[in-house]
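Every chain is numbered from 1 and lettered A, B, ... according to where its sequence line falls, protein lines coming before strand lines.
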Number of protein chains: 2
Amino acid sequence: MPLTPDERPGRTIRSVQIAFNIIETLQERDRIGVTELANELGHSKSTIHSHLRTLEERKILVRDGDGYRLSLRILDMAADVRDQVGNYDVIRDEVEALAAETGEIAQFGLEEHGQVSYLYKATGDRAVVTASQVGTQQPMYSTSLGKTILAYLPPERTEEIVRNTDFEAITPQTITSPEELYDELEEIAERGYGIDDEENIEGLRCVAAPVRNDETILGAVSITGPSSRFTNERIHDELPEYVTRAANVIELNTKFS
Amino acid sequence: MPLTPDERPGRTIRSVQIAFNIIETLQERDRIGVTELANELGHSKSTIHSHLRTLEERKILVRDGDGYRLSLRILDMAADVRDQVGNYDVIRDEVEALAAETGEIAQFGLEEHGQVSYLYKATGDRAVVTASQVGTQQPMYSTSLGKTILAYLPPERTEEIVRNTDFEAITPQTITSPEELYDELEEIAERGYGIDDEENIEGLRCVAAPVRNDETILGAVSITGPSSRFTNERIHDELPEYVTRAANVIELNTKFS
DNA sequence: CAGTTCGTTCCCGGTACCCGAACGAGAAAT
DNA sequence: ATTTCTCGTTCGGGTACCGGGAACGAACTG
């Protein structure tokens, strides 16, 4: 298995690619040894060995029993990430409050690499269970968070993201063309909130509101629930009020970084 | 500045070292650009550029404004780390409970790379503030957690760690020789809990108890407080009871992984 | 519009990276 | 006890490829 078929522009460093292949493999299947990794990744044992040694010296991995796993240093790095994004405490408190008062799932997400990344997730007492997890990514065009963020990003950035998007019909309702998407973005910008009507997961609807600081968008807040509770009526009346209120509180407490 | 003066055994991969130098620099000082990184790390701009491109493609970094920062994917990795260690929920609940009932700092730590890494930290309502943070590391020989873990590790592993330890007098009370340390480890094994009497930070004392599963040690729980509240009397009577009780609860709820 | 400072690209030389193969240490099997 | 796996580790060699320098382009500033 050759690595990458050489992305068009720019160079990328092979050893580093290998290192992160190891890390990612170790992320999903812990406690693996040298030989197994070598087979899995298609490299010689000696190559993998040197890499493991390097990563262990850097305290990214630890030997645990027979095999390696990621080290707790990752937790420290995660804390720094939260600091760097800024306003984590405000966001957490407000998302928790939103989940508590609605009983549903509340989330905060922001754009990274042309996708939505979840920064925080809170589950209310009657919330449905979903697979989404903090730090993971979802497409922009199929989520309320993503579409709402797109609607408020600088136009050139929005275009760049849309241009690099492969539209895929995740559910029957998913938006599958740039034209449809741009229409909806306009709509969102007009009314101030975005909606996902079973476009990402069947049976689930979401409502999201942008969080902005001085014209630049930081991210968005959303609530997610089953279509049975998110009726056509509530989704354009009561629910947008909740999320915009939460978004406003975050905006007001935002400190410049 | 040459990288490492070539560690004695084994080879380590330079590109990966550079990549993690970048990551670590970005961890402490966010939003840095290519040129600044190049100067800081002593590499050419083109080298740094290729690395940044690689790391960005791997979604480890994001462009944010002008400059890079670590991406939210780190948060996802952190979640996986907690899963891999196992029993995170039990540990969190019990450490929180311990902090709540004592009012002090409570922590759970385990051994990695011959040091203590903190997995969880909870602060009670009258707890002193310390710099220690989840995911960071401390020496084994100067902390109650470290010494307690050493006392219950397999003897050969303990020896290996002690052999590779540089003893340093962090405070006037710090243990500075293997002999002293081994004496204390025996004491700990006898009475079942470990103590740090201002050996790591002046003015602070800690008490720790081991968490074991079927003869193998998973880590240790500790409480930390000012010497004024951690009197000679309480530190050998009331306080050990708290931590051993917490440790026992964790042990009982431990699932095999 | 000149001047500065970014980020980016290109090519080239030297090296250190990856591989293959051999070694050593356990454990399991007979 | 001896064999036979399989694991992690070490070692040298050939060459891909990584890092450096310099030139280019773009964005700001004066």
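Salt bridge B/Arg31/B/Asp66: absent, no basic N to carboxylate O contact under 4.0 Å. Ion pairing between A/Arg73 and A/Asp76 fails under the 4.0 Å rule for side-chain N and carboxylate O.
For D/dG19, the base has no donor-acceptor partner in the side chain of A/Arg14 [N/O atoms by modelled type, under 3.5 angstrom]. Residue side chain B/Lys45 does not reach the base of D/dG20 through any donor-acceptor N/O pair under 3.5 Å, judged by distance alone. In terms of polar N and O atoms assigned as donor or acceptor, the side chain of B/Ser46 never comes within less than 3.5 Å of the base of D/dG19 in a complementary pairing.
Five base pairs at each end of the helix from C/dG7-D/dC24 to C/dC23-D/dG8 define two local axes, and these are offset by 60° (rounded to 10°).
Of the listed nucleotides (C/dG20, C/dC11, D/dT10), D/dT10 has the atom at the smallest distance from the side chain of A/Arg53. Nearest to the side-chain atoms of B/Ser15 among the listed nucleotides C/dC18, D/dG19, D/dT9 stands D/dG19.
The interatomic distance linking B/Arg11 (CZ) with C/dC19 (P) rounds to 12 Å, in whole Å. Nucleotide C/dA25 holds its C1' atom 15 Å from the CG atom of A/Asp66, rounded to whole Å. Straight-line distance from the CD1 atom of A/Ile18 to the C1' atom of C/dC19: 11 Å, rounded to whole Å. If you take NE2 of A/His51 and P of D/dT9, they are 15 Å apart, rounded to a whole angstrom. To the nearest angstrom, C1' of C/dC18 lies 14 Å from NE2 of A/His49. Distance, A/Leu37 CG to D/dT6 C1': 16 Å, rounded to whole Å. Between the CD1 atom of B/Ile13 and the C1' atom of D/dC17 there is a distance of 13 Å, rounded to whole Å. Between the P atom of D/dG19 and the CD atom of B/Gln17 lies a distance of 12 Å, rounded to the nearest Å.
If you check every strand for non-hydrogen atoms under 4.0 Å, B/Thr35 touches sugar and phosphate atoms only.
Shown here is A/Asn164, whose CG atom has more than 12 heavy atoms of other residues, nucleotides or ligands within 6.0 Å.
With A/Thr254 as the fixed residue, the side chain to side chain contact (heavy atoms under 4.5 Å, CB included) test singles out one of A/Ile91, A/Val90, A/Val249, A/Asn213: A/Asn213.
In this structure, B/Arg58 fails the cation-pi test against A/Phe20, since its NZ or CZ atom is not both closer than 6.0 Å to the six-membered ring centre and inside 45 degrees of the ring normal.
Side-chain N/O atoms of A/Thr47 include one lying less than 4.0 angstrom from OP1 or OP2 on C/dC19.
A/Asp183 CG to A/Glu179 CD: the interatomic distance, rounded to the nearest 0.5 Å, is 8.0 Å.
The aromatic ring centres of A/Tyr118 and A/Phe108 sit 6.0 Å or more apart.
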